[in-house]
Amino acid sequence: MTRLTTSMMNNTTLMHINRNMRNLDTIIRQLETTKKVSRPSDNPLVASRALKFRSSVTEIQQFRRNVEFGQSWMDVTESSFINIMDNQLQEIRQLLVAGANGTYNIDNKTTMIAQIRELTDHIATLEMNQTYAGRYVFSGFRTDEPPVFNAQNNRRFVITQHFNLSDVDRTSSFQRLGPDAATSLPVAHKVNVVRLAYRNPDTVPVVPGFHVVPKSINDADAYLPPATDEATGLPVLHFIPETGELAMHDDIAAVFPREGIAVTFEKAGFSRGELNPAVYFTSREIVNETPERPDADRVYQITQYFSRMAGTAVTVGANDYFEFELAYDASFLNPNDPEALRPVLPPGAVIEPPAAAGDPYTVRIPAAFFDHNRNVSVSYNVVIDHVPADLTGLDPNDPADADDIAAAIAAANAATLALTADIKTDLRVQGVMLMRASEPGVIPLVPIPIDQAERNRSFDMRDQRMTVEAASHTHVPINALAKDVFTAEMFSDLRRFIEFAEGLVISDETELKRRLAAPPHNHTDPELSDIASRQLIDERAIANDALFTHFNNMLFLIDRHADQVTREHTQLGARMQRLQMLSNRLEQDEVSYERLTSDNEDTDMYRAVMLRMNAEAAFQASLRANSGVIQMTLANFIG
């Protein structure tokens with residue numbers, strides 16, 4: 001028989017009361033916090049599952065933000081596609097159709113060309129330069145680089161373009177030849193050409209496997225190259241810098257390499273509306289290369305700005321220029337050397353060396369350039385040779401002369417610095433290069449780059465697809481590249497078409513009669529009027545035939561380019577649809593995981609209320625039941 005003491009009964013009573021109180025506290029806490037557990041120790045299994053579910057929800061929410069960003073980026077991109085296809089290219093095509101049907105004269109077609117120029121400029125500078133949150137959407141990873149330059153600049157690139165058989169344009173030429181071009185008929189030929197993206201590059205293009213011969217547009221054989229070069233046996237390409245064209249013989253066009261050709265050239269200085277090589281081509285930007293000039297102490301790169309009002313109007317041949325003088329004697333550091341620094345000039349400009357020692361260099365800039373530019377910058381290099389130290393009577397090996405030698409060297413260095421004081425104060429100095437001096441006995445200066453931060457940069461547009469992670473291990477490309485939409489071929493074709501059409505100038509009748517009446521022609525009435533009239537009729541016929549050919553060719557080309565834009569738009573649409581499906585899936589997954597999280601963590605309120613009532617009842621019952629026991633034991637104790 002077990003003896004129960006009063007202490008044992010008291011402990012048992014308190015234990016039951018505390019247990020019921022803890023149960024009631026747990027239920028009340030669940031009701032107050034709406035969570036099943038407050039600490040991991042309350043239920044480790046629930047806590048572990050909660051962490052996993054919450055991580056999944058957070059991950060899905062981040063994926064949804066990624067998708068929303070991608071959708072916004074693609075919406076901006078698609079708006080450009082729609083504008084290009086439904087507006088600009090469609091209108092260009094309509095103008096080409098109208099110009100190709102032969103019912104409009106040259107004056108009407110000139111108006112059409114002006115419209116096509118504006119539409120092309122709109123595609124280039126607005127649609128291709130579309131931005132999202134300040135970043136260019138068609139530039140791949142280089143979102144700080146505009147696909148098409150918005151303003152003139154003096155950047156310098158070595159560019160490689162690739163051409164295949166489809167880039168060979170079989171069209172017609174139009175040239176005014178001869179010493180008296182104004183009184184002779186233009187010449188037209190059937191030609192085969194590929195077009196660089198730029199006119200007037202700074203170097204003759206290098207084409208492996210071909211012999212490239214530079215030709216002027218004024219050369220009669222510019223568009224009539226032979227099939228092969230007799231000396232080397234290589235196929236010949238005639239390079240025409242004024243148009244940026246490479247002309248080839250029919251036989252070469254027929255066997256154009258199936259793998260295509262790579263054309264490398266250098267271009268310095270770009271105008272508004274020209275393609276950015278950093279976005280379009282495999283290229284290398286030359287940033288302040290160190291010239292090989294060991295005897296120079298300093299090289300200053302100078303930029304001067306010229307306006308029409310500051311120039312002198314001159315006519316050289318049939319071309320009008322404005323002539324300017326460089327402020328300082330320029331040294332272009334062996335301009336025939338491909339690695340040397342060259343003057344940066346606007347298109348078509350030339351530098352004339354001084355007629356005599358001490359005279360300034362002159363720059364001739366085409367007058368037409370100022371029709372579209374308020375001013376122009378010209379960059380060139382000024383070399384300051386080191387002033388030699390006067391070491392007469394001093395022996396570099398004698399310690400006694402060391403102080404005098406150091407003083408002579410310091411004086412020579414000070415004199416060298418004094419030569420550049422006016423340059424620093426008068427003109428914008430883009431950079432300074434200290435170089436090693438070769439003067440015997442002169443302490444060499446330490447080479448200091450013009451810009452420590454920048455070096456020559458290389459660009460390659462391969463692997464430039466921007467992607468968003470829309471699900472675990474699922475990446476969706478969101479961008480389109482300018483080089484695949486407004487292609488370099490489209491730009492070159494439209495540019496050359498516009499320039500060709502704008503160059504078809506019919507002689508003015510009054511001016512033509514004046515020239516025909518002057519020596520050496522000396523025509524007089526009535527034959528003067530007949531000759532001028534026949535020439536004007538012939539000129540219009542030749543120009544109309546050339547325009548008809550170019551309008552028809554451009555109509556074919558624009559359809560091909562529009563197909564390329566459509567393909568890119570279709571691919572973008574497919575990716576947008578996939579991203580939308582992923583967005584829908586993520587939305588469903590988020591709802592599912594939130595429900596699982598709620599089921600795992602949240603309190604079942606109906607059940608908790610019922611349990612609270614039961615817990616309260618149990619707690620109250622334990623209090624009532626044990627209160628009688630405590631009263632009875634107390635009476636026994638008193639008695």
- Message: Please determine whether side-chain contact (heavy atoms from CB on, under 4.5 Å) holds for the pair V158 and T203, giving the CA-CA distance in whole Å, both sets of side-chain angles, and the decisive distance to 0.1 Å.
- Response: CA-CA 10 Å; V158 176; T203 59; over 6 Å; no
- Query: Are R93 and D559 close enough, and set up right, to give a salt bridge (Lys or Arg N to Asp or Glu O under 4.0 Å), and what steps lead you there?
  - Reply: CA-CA 8 Å; R93 191 182 190 285; D559 284 340; 2.6 Å; yes
- Task: Evaluate the side-chain contact (heavy atoms from CB on, under 4.5 Å) criterion for residues F551 and K109: first the C-alpha distance (whole Å), next the side-chain angles of each, then the deciding distance (0.1 Å), finally the verdict.
- Result: CA-CA 10 Å; F551 264 92; K109 292 177 180 178; 4.0 Å; yes
- After noting the C-alpha distance and the side-chain angles of E469 and N66, does the key distance pass the side-chain hydrogen bond (donor to acceptor under 3.5 Å, both in side chains) rule? CA-CA 7 Å; E469 189 174 8; N66 294 350; 5.4 Å; no
- Begin with the C-alpha distance, continue with both residues' side-chain angles, and end with the deciding distance and a verdict on side-chain contact (heavy atoms from CB on, under 4.5 Å) for H122 and L126. CA-CA 5 Å; H122 181 88; L126 290 179; 3.0 Å; yes
- Residue pair H561, D493: steps toward the side-chain contact (heavy atoms from CB on, under 4.5 Å) verdict: CA-CA 10 Å; H561 297 316; D493 291 339; 2.8 Å; yes
- Task: Mind running salt bridge (Lys or Arg N to Asp or Glu O under 4.0 Å) on E245 and R495 for me, showing each step along the way?
- Result: CA-CA 12 Å; E245 292 176 316; R495 174 185 62 79; over 6 Å; no
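Scanning both residues, F486 and A124, for their nearest heavy atoms gives CE2-CB, 3.9 Å. Between R142 and A278 the shortest heavy-atom distance is NH1-O, 2.9 Å. A pairwise comparison of heavy atoms in M74 and P477 identifies CE-O, 4.0 Å as the closest pair. Closest non-hydrogen pair, A470 versus L582, comes out as CB-CD1, 3.5 Å. Between V485 and A480, the closest heavy-atom pair is CG2-CB, 4.2 Å. What you find for A488 and Q161 is that their closest heavy atoms are CB-NE2, 4.4 Å.
Remark: side-chain polar atoms of N87 are not paired, donor with acceptor, to backbone N or O of I84 under 3.5 angstrom. The closest donor-acceptor contact from the side chain of Y593 to the backbone of I60 lies at 3.5 Å or more, if one exists at all. Side-chain N or O atoms of E274 include one that pairs as donor or acceptor with a backbone N or O of S271 at under 3.5 Å. The backbone N or O of L579 lies less than 3.5 Å from no partner atom in the side chain of S583, so there is not a single donor-acceptor pair. Distance alone, capped at 3.5 Å, places no donor-acceptor pair between the N479 side chain and the R465 backbone. Put simply, the side chain of Q464 gets close to the backbone of F141: a donor and an acceptor are under 3.5 Å apart. At least one donor-acceptor pair under 3.5 Å links the side chain of S79 to the backbone N or O of V76. Checked by atom type and distance alone, the side chain of R258 never pairs as donor or acceptor with a backbone atom of L165 at under 3.5 Å. Between the side chain of N553 and the backbone N or O of R170 there is at least one donor-acceptor pair closer than 3.5 Å.
Taken to the nearest 0.5 Å, the CD1 atom of I123 stands 7.5 Å off from the CD atom of E127. How far CG of L89 is from CE of M490: 5.5 Å, rounded to the nearest 0.5 Å. The CZ atom of F81 sits 10.0 Å away from atom CE of M85, with the distance rounded to the nearest 0.5 Å.
Looking only at side-chain heavy atoms (C-beta outward), L555 and V97 come within less than 4.5 Å of each other. Contact of the V263 side chain with the H162 side chain is not registered, since no non-hydrogen atoms from C-beta on lie closer than 4.5 Å. Looking only at side-chain heavy atoms (C-beta outward), Y136 and V279 stay at 4.5 Å or farther from each other. Here the side chains of F497 and I116 are in contact, with some heavy-atom distance below 4.5 Å. Between I558 and L494 there is a side-chain heavy-atom pair separated by less than 4.5 Å. Contact annotation: the side chain of V67 never approaches that of R64 to less than 4.5 Å [non-hydrogen atoms, C-beta and beyond].
Counted by atom type alone, N192 and D169 present zero donor-acceptor pairs between their side chains at under 3.5 Å. Side-chain contact of R65 with Q62: a donor-acceptor pair under 3.5 Å is present, judged by distance alone. A side-chain donor-acceptor contact under 3.5 Å links Q580 and N584. Side-chain atoms of T160 and T282 include no donor-acceptor pair closer than 3.5 Å.
The cationic atom of K483 (NZ for Lys, CZ for Arg) does not lie both less than 6.0 Å from the six-membered ring centre of F281 and within 45° of the ring axis.
Aromatic pair H550/F500: centroids less than 6.0 angstrom apart. For Y132 and F69, the ring centers are positioned less than 6.0 Å apart.
Ion pairing of R195 with E489 is absent here, as no side-chain N (NZ or NE/NH1/NH2) approaches a carboxylate O to less than 4.0 Å. Salt bridge status for D121 with R272: present, with a side-chain N to carboxylate O gap under 4.0 Å. Under the 4.0 Å criterion applied to side-chain N and carboxylate O atoms, E242 and R199 are not assigned as salt-bridge partners. The existence of a salt bridge linking R567 and D563 is excluded, since no basic side-chain nitrogen approaches an acidic carboxylate oxygen closer than 4.0 Å. A salt bridge between R156 and E285 is absent, with no side-chain N of the basic residue lying under 4.0 Å from a carboxylate O of the acidic one.
Below 30°, between 30° and 60°, or above 60°: for F270 and F149 the angle between ring planes is between 30° and 60°, a tilted geometry.
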